[in-house]
Amino acid sequence: DTGVSQDPRHKITKRGQNVTFRCDPISEHNRLYWYRQTLGQGPEFLTYFQNEAQLEKSRLLSDRFSAERPKGSFSTLEIQRTEQGDSAMYLCASSTILRGLAGDTQYFGPGTRLTVL
Amino acid sequence: AQSVTQLDSQVPVFEEAPVELRCNYSSSVSVYLFWYVQYPNQGLQLLLKYLSGSTLVKGINGFEAEFNKSQTSFHLRKPSVHISDTAEYFCAVKNSGGSNYKLTFGKGTLLTVNP
C-alpha cells in the first residue's frame, strides 16, 4: 500500500478566497474521513464517507465547507470565502471494514496546512 | 458523548530514561483505544491500539500501553527513550460497535527527549 496522500501540503490564501484540497486514500479502503487540527489541539472530526456516500458531518463543518467523494475513491474538501479562523492542518484518513469492525483502523495522510492571511 | 483527557501537555525527559504518557477517557459505551504519534509538520502515525483481549498492548518503536477499564485509562509507556522519540503523542477513542467510525482525540502530549 502506498499510504494516504494529500495535495497540496501547504496552502496560503487571502481571506475571502476559495480553496480546495484533495485526498487519495489507500486503494482498498472504502471509508474516508476528514479532520481539522488547530495549533495545540488534537484532530477534530469533520466528516466521513463510506464509499461515495457522505454519512456524517460535524457541526464544525459550516455551510462554507463542502466535501465530495464522487466515485468512492479520492475526496475533495472545499472551503469557500475563507476566514482567518479556517487556518489549520486538514487531515485525511482512510480505513476499511472489509476485515470486520475490529480491523477498522484509520491511517492518516500528511495533511494540508492552510494559512489564511 | 466521549472525551479523552491527556493529563500532561508536555513531558520532558532525558535520553534512555523511562517515560509514561497518561490518558484517561470517558464513554458510556465500550471503546477501542489508540495512540498516535505526530512528528513536526507531518500526519499521524499509529503506534498501537487496544481492541480486545490482553490489556497490555505492544506497539511500534518499543512503546506499550495498558488498558485499565476500572480506571478508564490507557497510559503509554516506554522503558528507555531516544532523541528520535521527540514528538507529539495523541490518545484517541472510538465506539467499538454501532456507528463506530470517528475518532475522538485528546489534546496531545509533547514528549521532548533531551540528551
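Side chains are part of it too, since the values below use all heavy atoms of this structure and drop only hydrogens, waters and symmetry mates. None of the values given here were measured: they were computed from a predicted structure.
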Side-chain contact test, heavy atoms from C-beta onward, threshold under 4.5 Å: evaluate it for B:Phe34 versus A:Thr105 and give yes or no. yes
Measure the spacing between NZ of B:Lys102 and CG of A:Leu46 and express it to the nearest 0.5 Å. 10.5 Å
Should we count CD of A:Glu52 as having more than 12 external heavy atoms under 6.0 Å? yes
Output for pair (A:Gln37 CD, B:Lys107 NZ), nearest 0.5 Å, gives 13.0 Å
Is a side-chain N or O of A:Tyr35 found less than 3.5 angstrom from the main chain of B:Leu103, in a donor-acceptor match? yes
Distance from A:Tyr107 atom OH to B:Leu46 atom CG, nearest 0.5 Å? 6.0 Å
Side-chain contact, heavy-atom cut-off 4.5 Å: A:Gln41 with B:Phe90? no
Got a sec: does the CD1 of A:Ile12 have more than 12 other heavy atoms crowding it under 6.0 Å? no
Kindly check if the number of other-residue, nucleotide or ligand heavy atoms within 6.0 Å of CG (A:Leu39) is above 12? no
Which atoms of A:Gln6 are under 4.5 Å from chain B, going by heavy atoms: the side chain, the backbone, both sets, or neither? neither
Measure from the side-chain N and O atoms of A:Gln106 to the backbone N and O of B:Tyr101, and report whether any donor-acceptor pair falls under 3.5 Å. yes
At their closest point, which heavy atom of A:Leu91 faces which heavy atom of B:Gly43, and how far apart are they? CD2-CA, 4.1 Å
Kindly work out whether a path of hydrophobic side-chain contacts (I/L/V/M/F/W/Y, heavy atoms less than 4.5 Å apart) joins B:Leu21 to B:Val93. yes
Neighbour count above 12 (heavy atom, 6.0 Å) for A:Arg64 CZ: yes
For B:Glu88, is it the side chain, the backbone, both or neither that has a heavy atom under 4.5 Å from a heavy atom of chain A? neither
Should B:Leu56 and B:Leu48 be counted in the same cluster of Ile, Leu, Val, Met, Phe, Trp and Tyr side chains packed under 4.5 Å apart? no
Hydrophobic cluster membership, B:Phe63 vs B:Leu7, 4.5 Å side-chain cutoff: no
